[in-house]
Amino acid sequence: MLKWDQVSKIYQRGAAPALQEVTLSVRDGEFVVVLGRSGAGKSTLIRCANHLVRPTSGEVYWNGHNVTAASGGELLRIRSEMGMIFQHFNLISRLDVLTNVMVGRFYEFPLWRSLTGIFPPEAEKKGKQALERVGIGHLARRRADGLSGGQQQRVAVARVLMQRPKLLLGDEPVASLDPVTSRSILDLLKGIHDQEGMTTVMNLHDVELARRVATRVIGMSAGSMVFDGRPEELDEKAVERIYRMEE
Ligand SMILES: Nc1ncnc2c1ncn2[C@@H]1O[C@H](COP(=O)(O)OP(=O)(O)OP(=O)(O)O)[C@@H](O)[C@H]1O
């Protein structure tokens with residue numbers, strides 16, 4: 001279970017809080033989509049989960065471990081159970097696709113392997129299987145920066161598959177992609193979520209995409225949760241509440 005307990009974040013003194021005492025528990029196996037206007041606090045919420053953002057107050061717990069208080073080896077161990085997919089893919093652009101995928105198990109390999117792209121045959125086989133699973137096995141030895149956005153996000157998904165996390169965090173994973181590619185990447189993620197029995201929390205901009213994949217929708221506005229329900233409860237009124245301009 002992932003829990004935000006009264007989490008607030010103020011980035012700069014005097015600025016409005018990006019998060020205001022948010023309390024939210026995500027149960028194992030849920031696919032949670034966070035919706036909200038630009039600046040509502042969605043990324044901040046998600047990045048507090050793996051401590052990419054440090055809350056100003058409050059705590060985040062992952063299966064009973066206090067993420068906010070963790071550091072060093074304990075934080076690394078917690079993070080090894082959390083995969084993350086980003087809007088801009090976060091690949092190492094000059095390395096090939098397979099090496100980028102192997103980064104998902106970076107803690108098993110010495111640095112020279114990542115730099116040379118030479119891995120033990122068994123590990124390499126797993127990396128290639130992950131690439132096959134996301135439909136780009138044929139691109140294994142291509143440089144990451146030569147791929148389309150959709151292909152790059154597939155590499156990032158394969159990297160997560162290599163990591164085999166219990167929790168998948170997505171920070172606008174399809175915001176840079178066209179609508180058709182967005183749907184196919186989300187369907188891929190939903191399939192992996194179901195097959196691997198993962199828990200997923202991601203933010204999206206598009207209400208229809210949220211309805212397509214979510215088992216639960218969280219609506220954020222000005223740093224607070226204004227909706228928490230099933231996708232079928234996301235009616236016009238709820239959407240208006242999430243997206244209305246603040247007075
Ligand atoms: N590193 C930062 N430094 C200062 N302010 C920040 C920082 N990151 C976010 N903010 C501010 O915190 C608020 C919430 O930002 P956040 O990125 O969490 O929102 P969001 O809902 O994810 O928006 P978007 O959909 O545009 O990514 C915004 O007002 C934003 O300007």
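Both ligands and their constituent atoms are indexed starting at 1 by order of listing. Just so you know, these numbers come straight off a predicted model, no measurement behind them.
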**Message:** Can you report which non-hydrogen protein atom sits closest to atom 29 (O) of ligand 1, along with the distance?
**Reply:** Gly39 O, 4.1 Å
**Prompt:** With a 4.0 Å cut-off, strictly under, does atom 4 (C) of ligand 1 pick up any protein heavy atom?
**Reply:** yes
**Fill in**
atom 2 (C) of ligand 1: closest protein heavy atom, distance to 0.1 Å, is Tyr11 CD2, 3.4 Å
**Prompt:** Gly36 near ligand 1, heavy-atom distance under 4.0 Å?
**Reply:** no
**Prompt:** Measuring from Leu189:CG to Arg154:CZ, what's the distance to the nearest 0.5 Å?
**Reply:** 9.5 Å
**Asked** For ligand 1, which atoms have a heavy atom of His205 less than 4.0 angstrom away?
**Response** 25 (O)
**Message:** Rounded to the nearest 0.5 Å, what separates atom CZ in Arg212 from atom NZ in Lys190?
**Reply:** 11.0 Å
**Item:** Shortest reach to atom 25 (O) of ligand 1 by a heavy atom, considering only Arg37, Lys42, Gln12, Arg47
**Value:** Lys42
**Asked** Side-chain heavy atoms under 4.5 angstrom apart, residues restricted to Ile, Leu, Val, Met, Phe, Trp, Tyr: same cluster for Met82 and Val7?
**Response** yes
**Complete:** One should read off an interatomic distance between Gln153 CD and Gln151 CD, to the nearest 0.5 angstrom, of 12.0 Å
**Asked** Looking at atom 19 (O) of ligand 1, would you say a protein heavy atom lies below 4.0 Å from it?
**Response** yes
**Glu172-ligand 1 polar pair, N/O distance under 3.5 Å** = yes
**Message:** Please compare Ser38, Ala40, Ser43, Ala18 and report which has the shortest non-hydrogen distance to atom 22 (O) of ligand 1.
**Reply:** Ser43
**Message:** Show the atoms of ligand 1 that are less than 4.0 angstrom away from any heavy atom in Thr44.
**Reply:** 15 (O), 16 (P), 18 (O)
**Message:** Between Gln87 and Ser176, is the side-chain hydrogen bond (donor to acceptor under 3.5 Å, both in side chains) condition met? List the steps.
**Reply:** CA-CA 6 Å; Gln87 175 178 356; Ser176 301; 3.3 Å; yes
**Request:** Quick one: look at Met220 and ligand 1, take heavy-atom pairs under 4.0 Å, and tell me if it's side chain, backbone, both or neither.
**Result:** neither
**Prompt:** Is the closest basic N to carboxylate O distance between Lys237 and Asp235 below 4.0 Å?
**Reply:** no
**Asked** Side chain of Arg47, backbone of Leu52: donor and acceptor closer than 3.5 Å?
**Response** no
**Prompt:** When clusters are formed by joining ILVMFWY residues with side-chain heavy atoms under 4.5 Å apart, either directly or through shared neighbours, do Ile46 and Leu186 land in the same one?
**Reply:** no
